[in-house]
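First comes the structure, then the notes that go with it.
Both backbone and side-chain heavy atoms feed into the values below; hydrogens, waters and symmetry mates do not.
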Amino acid sequence: MTFTLPDLPYAHDALQPFMSKETLEFHHDKHHLAYVNNGNNAIKGTEFEGKSLEEIVKASHGKNAAVFNNAGQHYNHLHFWKWMKPNGGGAIPGALEKAIVDSFGSVEKMKEDFVAAGTGQFGSGWAWLEVKGGKIAVSKTPNGESPLVNGASPILGCDVWEHSYYIDYRNRRPDYLKAFLESLVNWEYVAEMYDAAAKA
């Protein structure tokens with residue numbers, strides 16, 4: 001398959017004040033586009049041509065860094081834009097909320113663990129909610145890795161590369177993570193991914 005840059009599902013200024021127009025112009029229009037272009041170039045003439053994105057991510061991990069880094073980040077960002085929406089945060093759909101409470105004891109505990117994972121990720125990477133063994137768990141990964149390469153299904157990810165937040169939050173990564181959870185997350189999309197992962 002050929003990677004293509006998706007349009008944002010909202011205007012560049014739709015997530016303000018929690019994520020600025022300038023951040024989205026750089027992050028989506030430049031950084032994500034670079035992963036798309038570099039990924040397409042890296043895959044040409046390799047055994048990864050013609051495979052699905054998930055197959056490429058899993059198969060290239062630990063074997064072809066140029067393919068994996070760009071395919072992994074393309075996969076992560078395809079979902080990242082959908083994991084946010086204007087006026088996000090708020091109530092979590094019932095079945096997903098129940099699963100979170102079953103796994104963590106409370107929604108607040110999940111949020112604390114998620115912020116701690118994202119804050120504790122040294123350097124570039126991601127904080128995740130993942131489904132593994134029927135339970136929802138928090139994890140963190142370096143660079144372009146995701147739960148996919150650890151045998152789990154990602155249902156929510158927050159990009160903690162500096163280009164994701166530095167324009168708006170400078171070095172206050174915890175504040176960015178809290179704003180992401182409270183004001184940006186599209187919980188309906190997370191619930192869709194949870195339902196798919198729970199059935200898999």
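- Between Leu5 and His28 there is a side-chain heavy-atom pair separated by less than 4.5 Å.
- A heavy-atom distance below 4.5 Å is not found between the side chains of Leu129 and Pro154.
- The shortest heavy-atom contact between Ala11 and Leu24 is O-CD1, 4.5 Å.
- Under the 4.5 Å side-chain contact rule for hydrophobic residues, Ile167 and Leu15 do not share a cluster.
- Side chains of Tyr169 and Phe18 form a contact here, defined as non-hydrogen atoms less than 4.5 Å apart.
- Nearest heavy-atom pair across Leu177 and Cys158 is CD2-SG, 3.8 Å.
- Checked by atom type, the side-chain pair Thr23/Asp168 shows a donor-acceptor distance below 3.5 Å.
- Side-chain atoms of Trp128 do not come within 3.5 Å of backbone N or O of Ser153 as any donor-acceptor pair.
- When atom types are taken as modelled, the side chain of Ser103 and the backbone of Ile136 share a donor-acceptor pair closer than 3.5 angstrom.
- Ser183 places no side-chain N or O within 3.5 Å of a backbone atom of Phe180 that could act as its donor or acceptor partner.
- For the side chain to side chain contact (heavy atoms under 4.5 Å, CB included) criterion with Phe3, the lone passing option out of Leu33, Asn37, Asn38, Ile56 is Ile56.
- At a cut-off of 3.5 Å, with distance as the only test, no side-chain donor of Asn70 or Gln73 sits close to an acceptor on the other residue.
- Residues Met84 and Val185 are not in side-chain contact: their nearest non-hydrogen atoms beyond the backbone lie 4.5 Å or more apart.
- Within 6.0 Å of CZ in Phe26 there are 12 or fewer heavy atoms belonging to other residues, nucleotides or ligands.
- Between Asp195 and Lys199, none of the side-chain N atoms (NZ, or NE/NH1/NH2) sits under 4.0 Å from a carboxylate O, so this pair counts as no salt bridge.
- Under a 3.5 Å cut-off, the side chain of Lys44 and the backbone N or O of Glu49 do not form any donor-acceptor pair.
- With a 4.5 Å cut-off on side-chain heavy atoms, Val36 and Thr2 do not count as touching.
- Of all heavy-atom pairs spanning Gln121 and Trp126, the tightest one is CG-N, 4.4 Å.
- A donor-acceptor pair under 3.5 Å is formed between the side chain of Tyr10 and the backbone N or O of Trp81.
- When every heavy atom of Ser139 is checked against every heavy atom of Pro147, the shortest pair comes out as OG-CG, 4.1 Å.
- A cation-pi arrangement is not found for Lys111 relative to Phe114, the charged atom failing to lie both closer than 6.0 Å to the ring centre and inside a 45° cone about the ring normal.
- Put simply, the side chain of Asn186 gets close to the backbone of Glu188: a donor and an acceptor are under 3.5 Å apart.
- Between Val131 and Lys135, every side-chain heavy-atom pair lies at or beyond the 4.5 Å cut-off.
- Contact between Ile43 and Phe48 at its shortest, heavy atoms only, is CG2-C, 4.0 Å.
- With hydrogens and angles ignored, the 3.5 Å screen pairs a side-chain donor or acceptor of Asn76 with a backbone N or O of Gly144.
- With Glu55 contributing its side chain and Ser52 its backbone, the two residues share a donor-acceptor pair below 3.5 Å.
- With values rounded to the nearest 0.5 angstrom, Glu112 atom CD is found 9.5 Å from Lys178 atom NZ.
- Using a distance-only test at 3.5 Å, with no hydrogens or angles considered, no donor-acceptor pair links the side chain of Asn64 to the main chain of Ser60.
- The minimum heavy-atom distance between Ile92 and Glu97, with the atom names listed, is CG2-N, 3.7 Å.
- The hydrophobic clustering, which links ILVMFWY residues whose side-chain heavy atoms are closer than 4.5 Å, places Val149 and Val138 together.
- Between Tyr165 and Tyr176, the ring planes lie parallel to each other; the angle is under 30°, not in the 30° to 60° tilted range.
- Tested against His77, the residues Lys82, His27, His32 include a single side chain to side chain donor-acceptor pair (under 3.5 Å) partner, His27.
- Between His31 and Tyr35, the gap from one ring centroid to the other reaches at least 6.0 Å.
- Not one N or O on the side chain of Ser164 forms a donor-acceptor pair closer than 3.5 Å with the backbone of Val160.
- With contacts defined as side-chain heavy-atom distances shorter than 4.5 Å, the pair Phe68/Glu145 qualifies.
- Residues Leu156 and Met193 have side chains not in contact (no heavy-atom distance under 4.5 Å, counting atoms from C-beta outward).
- The residues Glu162 and Arg173 are annotated as not salt-bridged, no charged nitrogen and carboxylate oxygen being separated by less than 4.0 angstrom.
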